[in-house]
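Per chain, numbering begins at 1; letters A, B, ... match sequence-line order. We use all heavy atoms of the structure for the numbers below, so side chains are in, but hydrogens, waters and symmetry mates are not.
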2 protein chains.
Amino acid sequence: MEKLNDTLLYTLDKCFRTYNQFAQRNVRKAGYDITIDQWLILKSVAENPDITQNDISKIVFKDNASITRIIQLLINAGYLIREIHPSDRRRVNLTLTGSGKKITIDVNEIAIQNRTTALKNINEEAVQQMKNLLQQVIENCK
Amino acid sequence: MEKLNDTLLYTLDKCFRTYNQFAQRNVRKAGYDITIDQWLILKSVAENPDITQNDISKIVFKDNASITRIIQLLINAGYLIREIHPSDRRRVNLTLTGSGKKITIDVNEIAIQNRTTALKNINEEAVQQMKNLLQQVIENCK
DNA sequence: CATCAATAATTGATATATCAACAATTATTT
DNA sequence: AAATAATTGTTGATATATCAATTATTGATG
């Protein structure tokens, strides 16, 4: 039987988890009480002011139900406001609060730094090539 | 602010999830009621008969607590037997049952097929290079 | 316009991830 | 040998993932 750690999925999994834990650790260390996943949602609202939760779920590649619950936590934390959308009562209208805006920007700085560290000694071309390969794998799995 | 989907972490995340969902779907479609994560644990027991739960957690890159709970599910499903280790009463002794052995092998076949599909049109050299890059990222995050 | 289909979001159930606290056992130190 | 430290695993609490069922609303069709 093929050894576990020879597979690409294994390395992918390990890399993603290592990166994610590393990034999360640095955010905590800087004193911010937010997860990377929560920040990604704040960021997608910041970048797309009129976005729906459905679209967020596609962007951050998570289930609709997860988005609802994470957003509830972000509201509890005072980073987001949820209202009924004026032109479509099925939708929600998400707005960043002042502290929501601040933490989105602050954590973004840390995220950029994280990326720099994670990609140390890897040239831009190689990163691009890796992205292309990952994209090809994604296509193959559809 | 940098767009979300330009980042490597994003593509990594997406690729891993897509691959995982794809693999999981194929396992279900073949009629097996087991998750990829559960199968990975069965497989690591099959490959390392005297393994501890601590070591499993390192191999599959998960928390100790998660391993305990997943193993409990595998016991409930009749795939694993847990006993006290004869020479160290702190440890557990994990053994695959007959159906545990069978499903480990069966799902392995599907996993090999999944990998082939996922890596279609990607040559061996590129896969190896991607693994190396991912490994480099892992090192950078330590 | 009444009905049916589609869409947006929520909720429930179960599995898993993570951290911290804990219990049991074994190893080490003095 | 007794005290202390280290190791192995479990449990509790909370967050998240996933699927299915449900509600509310809007859109489409006859």
Side-chain angles (χ1 to χ4, degrees), chain A residues 13-14 16-25 27-29 33-42 45 48 50-77 79-94, chain B residues 13-14 16-25 27-29 33-42 45 50-77 79-80 82-94:
Chain A
D13 188 6
K14 183 167 180 178
F16 175 69
R17 283 171 195 270
T18 305
Y19 189 1
N20 218 19
Q21 284 168 10
F22 163 78
Q24 188 64 68
R25 208 161 48 234
V27 169
R28 299 268 183 222
K29 214 182 297 173
D33 185 26
I34 191 173
T35 67
I36 300 288
D37 287 325
Q38 290 170 359
W39 166 69
L40 280 173
I41 290 181
L42 289 183
V45 173
N48 312 281
D50 200 42
I51 199 168
T52 65
Q53 289 188 189
N54 274 338
D55 287 340
I56 294 177
S57 76
K58 278 167 204 145
I59 289 180
V60 304
F61 219 69
K62 287 178 202 306
D63 193 87
N64 236 326
S66 298
I67 301 298
T68 293
R69 284 163 182 141
I70 297 175
I71 281 176
Q72 187 55 57
L73 293 173
L74 290 169
I75 291 165
N76 295 347
Y79 297 139
L80 264 187
I81 294 167
R82 174 170 47 193
E83 296 163 311
I84 295 173
H85 194 276
S87 71
D88 184 343
R89 298 176 53 77
R90 292 169 302 184
R91 291 178 50 178
V92 296
N93 203 6
L94 297 169
Chain B
D13 187 7
K14 184 166 178 177
F16 175 69
R17 284 171 194 269
T18 306
Y19 189 0
N20 218 20
Q21 284 169 10
F22 164 77
Q24 187 66 66
R25 207 161 49 234
V27 169
R28 299 268 183 223
K29 213 182 300 174
D33 185 26
I34 191 172
T35 67
I36 300 288
D37 287 325
Q38 290 170 359
W39 166 68
L40 280 172
I41 290 181
L42 290 183
V45 173
D50 200 42
I51 199 168
T52 65
Q53 287 189 190
N54 274 338
D55 287 340
I56 293 177
S57 77
K58 278 167 206 145
I59 288 180
V60 303
F61 219 69
K62 287 178 201 305
D63 192 87
N64 236 327
S66 297
I67 301 298
T68 293
R69 284 162 181 141
I70 297 175
I71 282 177
Q72 187 56 57
L73 292 174
L74 290 169
I75 291 166
N76 295 348
Y79 297 140
L80 264 187
R82 175 170 47 193
E83 296 164 311
I84 296 173
H85 194 276
S87 70
D88 184 342
R89 296 176 53 77
R90 291 170 301 185
R91 291 178 50 178
V92 297
N93 203 7
L94 297 170

For [N], does OP1 or OP2 lie under 4.0 Å from any side-chain N or O of [X]?
X       : N      : result
A:Arg17 : C:dA17 : yes
B:Thr68 : D:dG9  : no
A:Arg82 : C:dT10 : yes
A:Asn64 : C:dA9  : no
B:Gln72 : D:dT10 : no
B:Thr35 : C:dT16 : yes
A:Gln38 : D:dA15 : no

Between atom [atom1] in [X] and atom [atom2] in [N], what is the gap in whole Å?
X       : N      : atom1 : atom2 : value
B:Gln21 : D:dT16 : CD    : P     : 18 Å
A:Asn93 : C:dA8  : CG    : P     : 15 Å
B:Lys62 : C:dA15 : NZ    : P     : 15 Å
B:Ile71 : D:dT11 : CD1   : P     : 13 Å
A:Arg90 : D:dT25 : CZ    : P     : 10 Å
B:Gln24 : D:dT18 : CD    : P     : 10 Å
A:Asp63 : C:dT11 : CG    : P     : 15 Å
B:Asn20 : D:dC19 : CG    : P     : 11 Å

Query raised in the report: Is A:Thr18 reaching over with its side chain to a backbone N or O of A:Lys14, donor-acceptor style, under 3.5 angstrom?
Result: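 Side chain of A:Thr18 to backbone of A:Lys14: a pair is present.
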Could you work out which one of [options] sits closest to the side chain of [X]?
X       : options                : answer
A:Ser66 : C:dT10, D:dA17, C:dT18 : D:dA17
A:Ala65 : D:dA17, D:dT18, C:dT18 : D:dT18
A:Ile70 : C:dA15, D:dT16, D:dT11 : D:dT16
A:Asn54 : C:dA17, D:dT26, C:dA9  : C:dA9
B:Gln53 : C:dT16, D:dT10, C:dT18 : D:dT10

Report task. Indicate, yes or no, whether a donor-acceptor pair under 3.5 Å links the base of C:dT18 to the side chain of A:Arg28. Result ->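 A donor-acceptor contact between them is absent.
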Requested in this report: Spell out yes or no: do the side chain of B:Arg91 and the base of D:dT8 have one donor N/O and one acceptor N/O closer than 3.5 Å?
Outcome: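 No.
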Is [X] touching bases, backbone alone, or none of the nucleic acid, heavy atoms closer than 4.0 Å?
X       : value
B:Ile67 : nothing
B:Arg89 : sugar-phosphate
A:Thr52 : sugar-phosphate

Quick check: do [X] and [Y] have side-chain heavy atoms less than 4.5 Å from each other?
X       : Y       : answer
A:Leu40 : A:Thr35 : no
B:Ile71 : B:Ile41 : yes
B:Leu94 : B:Glu83 : no

Requested in this report: Using a cut-off of 6.0 Å, state whether more than 12 heavy atoms not belonging to A:Asp33 lie near its atom CG.
Outcome: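 Counting other residues, nucleotides and ligands, CG of A:Asp33 stays at 12 neighbours or fewer.
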Report task. Using a cut-off of 6.0 Å, state whether more than 12 heavy atoms not belonging to B:Arg89 lie near its atom CZ. Result ->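 Open.
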